[in-house]
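Just so we're on the same page: letters track the sequence lines, and every chain starts at 1.
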Amino acid sequence: MSLLIHAISASPCDEPPRGLAGVPLVWVPAGELGLWASPSEGPLDRELVFDHHRIVEQLCARTACLPVRFGQRVEDEDVARERLAARAGELGATLRRIGGRQEIAITLLWQCSPVIEGRGHRVQASTPGRRFLETRGQAFADEDGRRAAAEALAERLVRELAVDQADVRHAICPAPDLALSSSLLAVPGAAEQAKEDAVRVTATLEGVRAVVSGPWPPYTFAETA
Amino acid sequence: MSASRADLADLLPEKIDIDPERVEQGLAQLVLTLVEFLRQLLERQAVRRMEGGSLSEDEVERMGIALMRLEEKVEELAKQFGLTKEDLNLDLKPLGKLL
């Protein structure tokens with residue numbers, strides 16, 4: 001029976017939550033670590049995503065865990081144990097660093113596109129070859145302008161929120177409408193305060209609209225899992 | 001070095017898909033992605049040289065036409081293999097997308 005992995009932990013917890021579709025969770029120990037999983041066959045559909053997230057949140061609330069993003073499925077317990085053991089050192093170190101912590105997500109959407117001064121001239125060429133390159137030059141200037149502005153926003157967030165560089169992850173211009181997608185790892189017990197601070201600081205940023213969400217299990221910082 | 005190998009192993013599929021119906025498309029996708037990557041590099045370089053004034057009018061025109069045709073050709077080949085522009089990319093996981 002395949003297993004869908006939810007989280008990695010150092011020890012099992014008392015009264016673990018129910019697994020997918022209400023079945024008991026499976027605890028697979030491997031050395032100093034172990035993982036929580038649910039028996040899972042068939043397609044990985046939308047409903048399972050929400051159920052997986054519920055399980056991860058409840059596990060993280062009970063014990064220090066590395067949350068695992070949805071979709072990590074292994075053939076059986078032996079394979080799960082083997083994979084966990086192969087990366088035990090790295091996973092153990094990540095668990096010690098982020099276990100018990102939560103992350104806050106900040107998304108900044110462009111309200112207007114910035115441009116770099118001195119670049120981004122109007123396309124004026126009358127011949128097709130030059131027109132092609134001028135059009136591309138315009139597009140590159142726009143792209144560079146957006147990227148530079150997004151990087152400046154990221155730096156400002158880190159500075160004004162006074163977060164450690166190791167506790168923040170940025171995706172600069174991850175999509176055409178997005179300036180920044182950032183995740184902040186909150187100090188244990190201070191996630192709500194971190195969220196309030198993020199809302200306050202992002203409200204002062206110009207040219208973007210901010211969406212602050214969380215606290216979430218620290219998925220972004222457990223990426224090695 | 002061993003850590004790098006482990007990271008790389010995580011990026012690679014555990015089994016190679018040798019479905020004869022798809023192997024041709026998979027190969028085309030990989031080759032066209034690399035061509036597209038080089039094409040975009042050339043485009044950036046051409047624009048930089050044009051804006052820097054190091055190309056004559058004739059060179060700008062010829063380079064622009066060549067890059068335009070190359071783009072059309074990549075799109076045409078991608079279409080023949082049932083690929084979209086979004087397919088011509090590689091997810092390098094920790095490093096993000098190639099393009």
Query raised in the report: In chain order, what residues pass the salt bridge (Lys or Arg N to Asp or Glu O under 4.0 Å) check against B:Lys79, with sequence neighbours excluded?
Result: none
Requested in this report: Verify the neighbour count for atom CD of B:Gln45: are there more than 12 heavy atoms of other residues, nucleotides or ligands below 6.0 Å?
Outcome: yes
**Report entry** Nearest heavy-atom neighbours spanning B:Ile65 and A:Pro128
**Finding:** CD1-CG, 3.8 Å
Query raised in the report: Is the closest basic N to carboxylate O distance between B:Arg44 and A:Asp144 below 4.0 Å?
Result: yes
Report task. May I ask you to check whether over 12 heavy atoms, not counting those of B:Arg69, lie within 6.0 Å of atom CZ? Result -> no
Query - side-chain contact (heavy atoms from CB on, under 4.5 Å) between A:Arg131 and B:Met68, intermediate numbers included - result: CA-CA 10 Å; A:Arg131 189 162 55 244; B:Met68 186 164 55; over 6 Å; no
**Report entry** Charged N-O contact under 4.0 Å between B:Glu61 and A:Arg130
**Finding:** no
Query - Those residues that, when tested against A:Glu77, pass salt bridge (Lys or Arg N to Asp or Glu O under 4.0 Å) (two or more places apart) - result: A:Arg81
Requested in this report: Compare all side-chain heavy atoms of A:Phe132 with those of B:Glu43 and state whether any distance is below 4.5 angstrom.
Outcome: yes
Query raised in the report: Within a radius of less than 6.0 Å around CD of A:Gln165, do more than 12 heavy atoms belonging to other residues, nucleotides or ligands occur?
Result: no
Report task. Looking only at non-hydrogen atoms, find the nearest pair between A:Leu133 and B:Val60 and report the distance. Result -> CD1-O, 3.8 Å
